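Contents: one structure, followed by commentary.
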Amino acid sequence: MFHMRDKELSKLITRNLKNMNLNIQVMHVCGTHQDTIVKFGLDSIFNECGVKIIQGPGCPVCVTTPEEIETGIKLAENGVTIATFGDMVRVPGAKKSLQAVKAGGGDIRIVYGINEAVELAEKFDREGNGKEVVFMAVGFETTAPATAAVLLRELPENFSVVSCHRYIPPALVRILGMGEIALDGIIDPGHVSVIIGAKAYEEISRQYGIPQVIAGFEPIDVMMAVWMIAKQVEEGRGEVENEYTRCVAYEGNEKALKMLDEVFEPGDAKWRGFSVIERSKMVLRKKFDDFNAEKKFEDILAEMEGMEFKEPPGCRCGEVLRGLIPPAECPLFGKACNPAHPVGPCMVSVEGACNIEYRYKND
Amino acid sequence: MCLAIPGKVLSIDGNTAKIDYGEGTVRNADISLVDASVGDYVIVHAGFAIQILDAKEAKETLKIFREIIEEDNA
Ligand code: SF4
């Protein structure tokens, strides 16, 4: 659609990076960025330039907790139809995954987006079969506006949502605040930024003095973003810059932001690999209780009380998500754990660091 | 999941627009999150257009990058 490849320019950027004699560590938080980086071998190019690049908690399915997955499992086991994205059905809850529930006769539907889930509920409603449809809504600010827009419409009574939506900036603050990993810069996720705008990151750079660059998803976008970060490091700056100007405005998408605010309010929540992150989850506002599955099916979900949730034995997703280890450092990587038999969510999801690493480096 | 792809708005019917993704791929998307008009380029994620793309900026991106890098080398 638009021509975005330029080999010669890539070489020019690489040469410039090399001349800078860098030794920096940069984090991004987006599966789609990781895909570009690994697919086009940018990780080794950056390595040669003294830039280590790490995927942090940028995989919505990966950071969703087993408790949240179990909510869907409990509902499905009680005859509710669960509609969600493909990656969600293979991640285990307390003991099993939604896929296992499906194999046992549960009604689990993989949908491409929330509209398909609503259509299914409408169909059930017309047929008068009395079935309930629950959409397991995962995703960051990129995905959540669709959920908000739909909840602001007239909906069939048999439709409701489990919100697992999360805000990205609080996770960045947590990573920087924990200080487990030394970072010289952050590549901000382009399509989250489409919604929240460059302004959403400014406070973070002010507080931590860290360079941030919003980047698109072509190889040239990521290369340019790394160069812009390197430039900031060299000049001792720590500010928010926007490389993805063709899609990201300073204010973001104000229409979408307004809808988000109308439907959700920030709540504290655990992320896989992290303890509770304050104000990081999009919780449905009270006026949407009728469409909030966690309220609607309170009685069924009360059975989850006292349940214990453990990470899959041996899985080091938590450390992968905090950027502490690369996938290959997990002893199970490529052995007991592979995309056909994933042990943890970072191998299940196509946005997980383990899955991406395996797909492009082991095939 | 945060994958979003650009397409051109061919026609609009309420909240739904026909989007041309090129190479003969035409699909519907929900445009309630943007104020799009026919002829606009939008980026679509999970069935929803999430922003109108600045086509002029997109066409000049490589040129602008080159200028920035060359200026740095000057
Ligand atoms: S390789 Fe598998 S087991 Fe190891 S961290 Fe990744 S998902 Fe978990």
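Since the model is a prediction, treat every value here as computed from it, not as a measurement. Order of the sequence lines sets the chain letters (A, B, ...), proteins ahead of strands, with each chain counted from 1.
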Just so I know, are the side chains of B/V34 and A/K255 near enough to count as touching, which here means a heavy-atom distance under 4.5 Å?
no

Sequence neighbours left out, what pairs pass ring-ring contact (aromatic ring centres under 6.0 Å, His included) with at least one residue falling in residues 22-43 of chain B?
A/F2-B/Y41

Which pairs of donor and acceptor atoms, one on a side chain in residues 6-29 of chain B, lie under 3.5 Å apart (sequence neighbours left out)?
residue: B/D20; atom: OD1; partner: B/G22; partner atom: N; Å: 2.8

Side chain, backbone, both or neither: which part of B/I43 has a heavy atom under 4.5 Å from chain A?
side chain

Per-residue contacts, residues 59-69 of chain B versus chain A, heavy atoms under 4.5 Å
B/K59, B/T61, B/L62, B/F65, B/R66, B/I68, B/I69

With rounding to the nearest 0.5 angstrom, report the CE to OG distance, A/M259 to B/S32.
5.0 Å

Could you check whether any side-chain N or O of B/D54 sits under 3.5 Å from a backbone N or O of A/T245, counting only pairs where one atom can act as donor and the other as acceptor?
no

At a 4.5 Å cut-off on heavy atoms, which part of A/I195 comes close to chain B: side chain, backbone, both, or neither?
side chain

Residues two or more places apart in sequence or in another chain: which of them pass salt bridge (charged side-chain N to carboxylate O under 4.0 Å, His left out) with B/D40?
none

Could you state the interatomic distance from CG (B/L53) to OH (A/Y244), rounded to the nearest 0.5 Å?
7.0 Å

For the CZ atom of B/F48 and the OG1 atom of A/T147, what is their distance to the nearest 0.5 Å?
8.0 Å

Checking B/D30 side chain against A/N115 main chain: does a donor-acceptor pair fall under 3.5 Å?
no

Measure A/E243 against the heavy atoms of chain B and call it side chain, backbone, both or neither at under 4.5 Å.
both

Please classify the contact of A/R15 with chain B as side chain, backbone, both or neither, using a heavy-atom distance under 4.5 Å.
side chain

